[in-house]
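Just below is one structure, and these are the notes that go with it.
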Amino acid sequence: MKILISTIFREEKLRAYYDHFYRWLIKNINRENVDVKILLPERLYAGFHENNEMKAAMTPVLITSKDLEKIFGEDLSEIVYHQKFYITGLNDGELERFKILTRTVLGSWYPDIVLKLGYFSSRKIWNDIFPNALCLTQENGIFSRPPFFRTLTYDPYSALQNNFMNTFADDIKNLKITPNQDKSVNKFKKQLTRIIDSNSNINKELKYYKKRFKKLVLLPLTSDYMIKIFKEDFIYNSELELIKSVMENMPTDIGVFVTQHSDLGTLTQQDIEYFSSKYKNFIYLQKTDGKGFFFNSLFYFKHVDAVINLTSKTGLMAMLWDKPILSLAKISNELIKDGQGVEDLEKVLNTPYKNKNNIIYWYFTRYLLLEPDFNRQDYMYEYLMKKLKYYKEHGIDFGYFDEVNNFEEASETIVNHLKIYYQPAYIKAFLEVIKEIKTKITEIQTKIKNKIQNKVQNKVQLIIKKTKMLYIIINN
């Protein structure tokens, strides 16, 4: 199997993407069976060879600065290259010249699979260059940060608005699951949400706002960077513009919890103070649980009535708490949304929640890969070989994703991980239970002891009384 990793133009991204994605993939693939190459511009080529781990994992293919200048012009920085490939895109002339260059440097070597970097890579570029290859977009799954372990998805379309889930949204929505499968999903949701909610450090604040406002909604932000990348899917040009639009159209008796992306958040303290003073229902809480916690929205689900979502994985997670989702994107939330924009909020809040257990079941059994699995030797090799075989025989259709996880086993793995992560809280709770049991036992023992003592004392007094009477009788 031949794998090509798409071009990276920024030095810090090369190391980051290797750490976050490729280390898991490459280290568990037998290099005798797989030939992995990565396209690298000249400025990153030398640094790559200084990293023994990456050098052992894949073979770099050099793209010289002179060749890039012929396509894009002179004196372009790595930032500009990055923007062209991952934000603005290439024009037709640039794409055609880059296609010729890529095929030239690779020679007769043709990949079976092209791996693209999450959000940051255009499907069109690589599908045009290698039309017969399976082009997969690597992306974090629903869980990517503590308190969860990492999950990944490999989408044969692209990220967000163009991904498999939105392309086949109707098929997934119409998927039928059995009563037992539905029961398993409900059990998983109950277990997961109970663990998360019981470990929240902001319940007190959230309960205060629940009394203060008629309803509460959650607005998880993404980043200006993401808005630029997927500008075709959004009507906003920045996070500030998004917040202003939502707050201007939000009824004042509905509180809006705003959370930032843990890695890419751009709101400043000045921004927060401005919105807090201008809109009395704008709420920003700056608390975490103090244990490497990065899911900023996680503790809000229990207390809100709806989630207003742009691109965040928070939209997917809202389904685990049975919270309705209002989409601010044109397409990205097609599968999971209950309404479009703030204008649908009242209707959604007054409509019974539509069960999405079938979507959850499909996502966790077919689309999602779990870290305990993709860390196993040869798991990714077998997974990719299976997907490549299907692609060559059928192309990309709804049957492309078959079952890769048993739902009961996957949900148990996730729940057990959370129990371990929050073990101190569980130990404390366990000790509290033991303490309560000991207190009850002591109380019972005391009652029994007192009861016995009273009985014995009464009997002794009765015997003394009878003895005295007998003594009187004898002496008389």
Side-chain angles (χ1 to χ4, degrees), residues 2-26 31 34-131 133-139 158-159 225-226 228-230 263-264:
K2 298 176 181 178
I3 299 176
L4 177 68
I5 297 177
S6 60
T7 317
I8 302 171
F9 286 99
R10 297 177 64 179
E11 189 170 356
E12 74 274 15
K13 294 295 182 186
L14 174 62
R15 182 75 230 187
Y17 290 137
Y18 181 78
D19 287 341
H20 289 290
F21 290 102
Y22 298 128
R23 175 177 280 114
W24 282 302
L25 173 67
I26 302 299
R31 288 300 303 274
V34 183
D35 183 10
V36 182
K37 296 185 186 299
I38 180 169
L39 288 170
L40 287 177
E42 197 169 334
R43 63 166 64 93
L44 270 65
Y45 192 78
F48 178 91
H49 281 281
E50 294 172 1
N51 189 305
N52 292 329
E53 186 177 11
M54 284 193 282
K55 190 166 62 173
M58 45 192 158
T59 304
V61 178
L62 175 64
I63 301 177
T64 68
S65 299
K66 187 176 290 186
D67 285 332
L68 288 173
E69 287 172 6
K70 290 178 182 177
I71 299 174
F72 303 109
E74 298 181 358
D75 301 324
L76 289 184
S77 68
E78 61 181 30
I79 300 294
V80 175
Y81 280 127
H82 186 79
Q83 289 176 333
K84 273 186 169 292
F85 272 81
Y86 306 132
I87 300 179
T88 61
L90 307 183
N91 62 41
D92 291 340
E94 290 171 336
L95 176 59
E96 185 59 33
R97 291 192 293 273
F98 185 73
K99 181 191 301 185
I100 294 171
L101 172 62
T102 302
R103 289 181 173 174
T104 300
V105 297
L106 289 173
S108 61
W109 191 89
Y110 195 99
D112 297 302
I113 295 174
V114 177
L115 293 181
K116 302 169 295 172
L117 296 169
Y119 302 126
F120 313 106
S121 188
S122 167
R123 175 176 183 259
K124 177 177 171 54
I125 294 175
W126 302 104
N127 281 70
D128 283 352
I129 297 175
F130 303 109
L134 174 59
C135 295
L136 299 176
T137 298
Q138 292 187 133
E139 192 179 341
S158 190
Y225 186 55
M226 295 294 291
K228 289 177 182 177
I229 291 176
F230 296 101
D263 297 326
L264 304 171

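Not measured: the values here are computed from a predicted model.
In this structure, CH2 on Trp126 lies 15.0 Å from CG on Leu134, to the nearest 0.5 angstrom. The distance from the CD1 atom of Ile63 to the CD1 atom of Ile71 is 8.0 Å, given to the nearest 0.5 Å. Considering CG of Asp112 and NZ of Lys2, their distance stands at 7.0 Å, rounded to 0.5 Å.
Scanning both residues, Leu136 and Ile113, for their nearest heavy atoms gives CD1-CG2, 4.1 Å. Taking both residues in full, the closest heavy atoms of Lys116 and Ser6 are given as CA-OG, 3.6 Å, listed atom of the first, atom of the second, then distance. Contact between Pro111 and Ala133 at its shortest, heavy atoms only, is O-CB, 3.5 Å. Here the closest heavy-atom approach between residue Val34 and residue Val36 is recorded as CG1-CG2, 3.6 Å. Between Lys70 and Arg97, the shortest heavy-atom distance links the atoms O-NE, 4.1 Å.
A search for side-chain hydrogen bond (donor to acceptor under 3.5 Å, both in side chains) contacts involving Asp67 returns Thr64, not counting sequence neighbours. Evaluation of the salt bridge (Lys or Arg N to Asp or Glu O under 4.0 Å) rule for Glu96 yields Lys99 as partners, not counting sequence neighbours.
A heavy-atom distance below 4.5 Å is not found between the side chains of Trp109 and Thr59. Side-chain contact between Val105 and Leu62 is absent, with no heavy atoms from C-beta onward closer than 4.5 Å.
Each of Val61, Asp35, Ile38, Leu106 was compared with Leu4 under the side-chain contact (heavy atoms from CB on, under 4.5 Å) criterion, and only Leu106 meets it.
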